[in-house]
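Have a look at the structure below before the remarks.
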Amino acid sequence: MMKMDNLNPEQIKAVKHVDSPVLVFAGAGSGKTRVLTHKIAHLIENIGLPPENILAVTFTNKAAHEMTSRVHSIVKVDSSKLNIGTFHSISAGILRKHIHCLGFENNFTIYDQKDALSVVKKVIKNMNLDIKQNDPKYFYYMISRAKNQLISYKEIDKIDSGYVDKNLSEVYRLYQESLKDSNSLDFDDLLIFPLRIFKENDSLLDYYRKKFRYVLVDEYQDTNRPQFEFISLIAKEHQDICVVGDDDQSIYGWRGADVSNILDFNKSFDNPLIVKLEQNYRSTKSILNVANSVIKNNITRAEKSLWTDNEPGNCVVYQNLYNEKIEASKIVDIIQRKCSDSFSLNDAVILYRTNSQSRQIEDLLRRRSVPYNIIGGVKFYDRKEIKDVLSYLRYICNSNDEVSFLRILNFPPRGLGKTTINKVLDVKISGNQSLSDVITSEDLLLGQKQKESLKYFNEMITKLRLASKELNAYELILELIKTVDFKDYYCSKNIPEDIDRWENVQELINSIQEFCVNSSSTSLQSFLEEVSLLTDIDRWNNNDECLTLMTVHSSKGLEFPLVFIAGMEEGLFPHSNSINDEESVEEERRLFYVAVTRAMEELYLFSADSRMKFGGGNLPSLRSRFIDEIPKNLIDFKNKSRDDSFASISKNSYNSNAEIIKKGNLVRHQLYGNGKVINVDGFGENTKVTVIFSGNVQKKFIQRYANLKIIK
DNA sequence: TTCACAGAAGTTTTT
DNA sequence: CTTCTGTGAA
């Protein structure tokens, strides 16, 4: 019999109740994951439900993996039979099997927002609209918004949104047509297509209702309309469902998440048991008091109050500093001090509202050689060189994938430029042919050189495509790298940036190898699917002795002994795009609440008097209203010390008599001797200089620290 | 026709 | 500080 003695009475109630739907309002740190995992274990062991009949939906893949292994540690179960994943990955799995109902092939490509944006751009150009007056971002945003409301291009005027452009419906229609032509889906389609399949195919819906006999949903406050429809279709009939969430942590409204899904749960499902988990096991009293005092300023929320038996702990610290540089150095100072005695680096996290704030902190950490991990920002799979290689793989896998085709046709450069590409696309449109037909078509009027190059390209792809039937993903990428000779492309010119890129490509190769070792399926298709649905947080491993940096959004569901929140300023947190509208301010406040409740032992808040924008001008700023919502007695206000003054830091930062180094200069370095500057990158105090020294030794310096002297 | 370079513009949050 | 776009040279 499984143990439940580590659960409190409310948690046990939520775990054991299976006679009707269950809604768990789980405050931050109240042990909701424990409830979910025990509930799954209870269903298997005490109710006798086979694991393959359980569907559990989590917010990230990482959470899914953790849940799987925690269930495994409670009951003996073949974890591969459990259906635990994100909405997107579960949907993708269903679509791989049944998407032919909608006229797609099951080797479809999943487009990320950049891919999707390039499709929108193409559509706008094809409609002969001016790209400057018709912002592709607006159209993509509106299409996504429409999809989140389950609105097709035909009924676009029903959309719940401000301005609707007269061309929106047509752009939407052509966008969808183009995706289908490329046998591709965007993220929103991934959620919507299963609904269409279920609605058109009763027997299939029936099959999945039986298969997913019990449904559990985590972070239910962040589900959107299509996700709600999905679980309704599956669970409304058998009513065997348990959802867990916290309306105070709803932070994805901008993505179509609808809090009323959780607040109106009792209207959608019959006679639910509602359990409130209000005991917090995570944070000290000081931290929880701050969290409660902030969130109670929100008008629209279900009434509840979190409490804890934990120690009072240290007072929450707030400090205002002169600018973002001093803010960064203050944070890192404290972390280094803390980690020299009772804490280790992976106990700490630095949180911020926007990704761009990470740069200053990153620079400082690199200078002080503090190992760090950064989540989000320029994602690994978003890097140009990675997307380029992946595009080859995607095009090999799906010969209709036009976005990938256009990326790789002339990369590395093979003499197929803009004009050739336009000719190819023209023939494709006029002849209504598939991509592979077009590039072998006689109708293409090209120069001899271009013709041969295109022929070579096509033969290469055909060969690789054939090989992909025999090889696993790892063997195939080795074959690809050899055939295209990326190594030569990146390394032959001896440009440091290109060598960095080659190293990233090698990292990609490693990750494919790892995938093939760890995963049940080693096919190229499953690798590509994993890549498009995996986030940085899924790749993150907090066991390394390493400081972590991430946005507040990414931190949802995590906890750290030491939490540092940077940029507590009006216009940044709450963000300037949100301060004019009370509803948005409430979402920002929930976001701050999420940030605060990540902390277990100590919490530090920071703001700066001025902050650089675009590495350009300084913007003065006021401290965040959220700071003022915290009663004074709950915060330790640290005053500026003399060391924090702008004068003292700026003297250190800028070497006033530093010479301006240019490409071609001869320079002297203390350690390496004389050398020649072959590249200068950036300006001001962040200038990076690449120098070749005798013996062809190449080094890259941050000028400020390298102390290079120009030799006349 | 392609390719390299210089200037302009643009950063909320993410599956 | 990055990423995209447009311009001239080869």
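Bear in mind that the values here come from a model prediction, so they are computed numbers and not experimental data. When reading the values below, keep in mind they use all heavy atoms of this one structure, side chains included, and skip hydrogens, waters and symmetry mates.
- The side-chain hydrogen bond (donor to acceptor under 3.5 Å, both in side chains) check on A:Arg598 picks up A:Gln249, with sequence neighbours excluded.
- For A:Ile131 and B:dA8, the CD1 to C1' distance is 17 Å, given to the nearest whole Å.
- Taking A:Glu586 as the reference, A:Asn298, A:Ile299, A:Thr300, A:Glu582, A:Arg589, A:Arg590 meet the side chain to side chain contact (heavy atoms under 4.5 Å, CB included) condition, with sequence neighbours excluded.
- A:Val259 meets the side chain to side chain contact (heavy atoms under 4.5 Å, CB included) test with A:Asp247, A:Ser250, A:Ile262, A:Leu263; sequence neighbours excluded.
- Put simply, A:Lys423 has a side-chain N or O that comes within less than 4.0 Å of OP1 or OP2 on B:dT1.
- If A:Ser578 and A:Gln450 are placed on DNA chain B by their nearest nucleotide, the residue sitting closer to the 5' end is A:Gln450.
- The distance between atom CD1 of A:Ile361 and atom C1' of C:dC1, rounded to the nearest whole Å, is 16 Å.
- Judged as a side chain to side chain contact (heavy atoms under 4.5 Å, CB included), and not counting sequence neighbours, the contacts of A:Thr419 are A:Lys423.
- A:Phe411 places its CZ atom 14 Å from the C1' atom of B:dC3, with the value rounded to the nearest Å.
- Residues forming a side chain to side chain contact (heavy atoms under 4.5 Å, CB included) with A:Asp112 (at least two apart in sequence, or on another chain): A:Lys114, A:Asp115, A:Phe187, A:Asp382, A:Lys387.
- Remark: A:Phe59 pairs with A:Tyr252 by the ring pair (Phe, Tyr, Trp, His ring centres under 6.0 Å) rule, at least two apart or across chains.
- Applying the side-chain hydrogen bond (donor to acceptor under 3.5 Å, both in side chains) test to A:Ser610 and every residue at least two apart in sequence or in another chain returns nothing.
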Contacts under 3.5 Å, N or O only, protein and nucleotides 3-7 of chain C:
residue: C:dT5; atom: OP1; partner: A:Lys121; partner atom: NZ; Å: 3.2

Below 3.5 Å is the cut-off: list the nitrogen or oxygen pairs between protein and nucleotides 13-15 of chain B, distance only.
residue: B:dT13; atom: OP1; partner: A:Asn355; partner atom: N; Å: 2.9
residue: B:dT13; atom: OP1; partner: A:Asn355; partner atom: ND2; Å: 3.0
residue: B:dT13; atom: O4'; partner: A:Arg353; partner atom: NH2; Å: 3.3
residue: B:dT13; atom: O2; partner: A:Trp254; partner atom: NE1; Å: 3.2
residue: B:dT13; atom: O2; partner: A:Arg353; partner atom: NH2; Å: 2.6
residue: B:dT13; atom: O2; partner: A:His553; partner atom: NE2; Å: 3.4
residue: B:dT14; atom: OP1; partner: A:Thr551; partner atom: OG1; Å: 2.9
residue: B:dT14; atom: OP1; partner: A:Ser554; partner atom: OG; Å: 3.2
residue: B:dT14; atom: OP2; partner: A:Asn355; partner atom: ND2; Å: 3.3
residue: B:dT15; atom: OP1; partner: A:Thr535; partner atom: OG1; Å: 3.4
residue: B:dT15; atom: O3'; partner: A:His88; partner atom: ND1; Å: 3.1
residue: B:dT15; atom: O2; partner: A:His88; partner atom: NE2; Å: 3.1

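- Considering A:His575, A:Arg353, A:Arg625 as possible partners of A:Glu588, the one that fulfils the side-chain hydrogen bond (donor to acceptor under 3.5 Å, both in side chains) test is A:Arg353.
- Counting to the nearest Å, the C1' atom of B:dT12 and the CD atom of A:Glu569 are 15 Å from each other.
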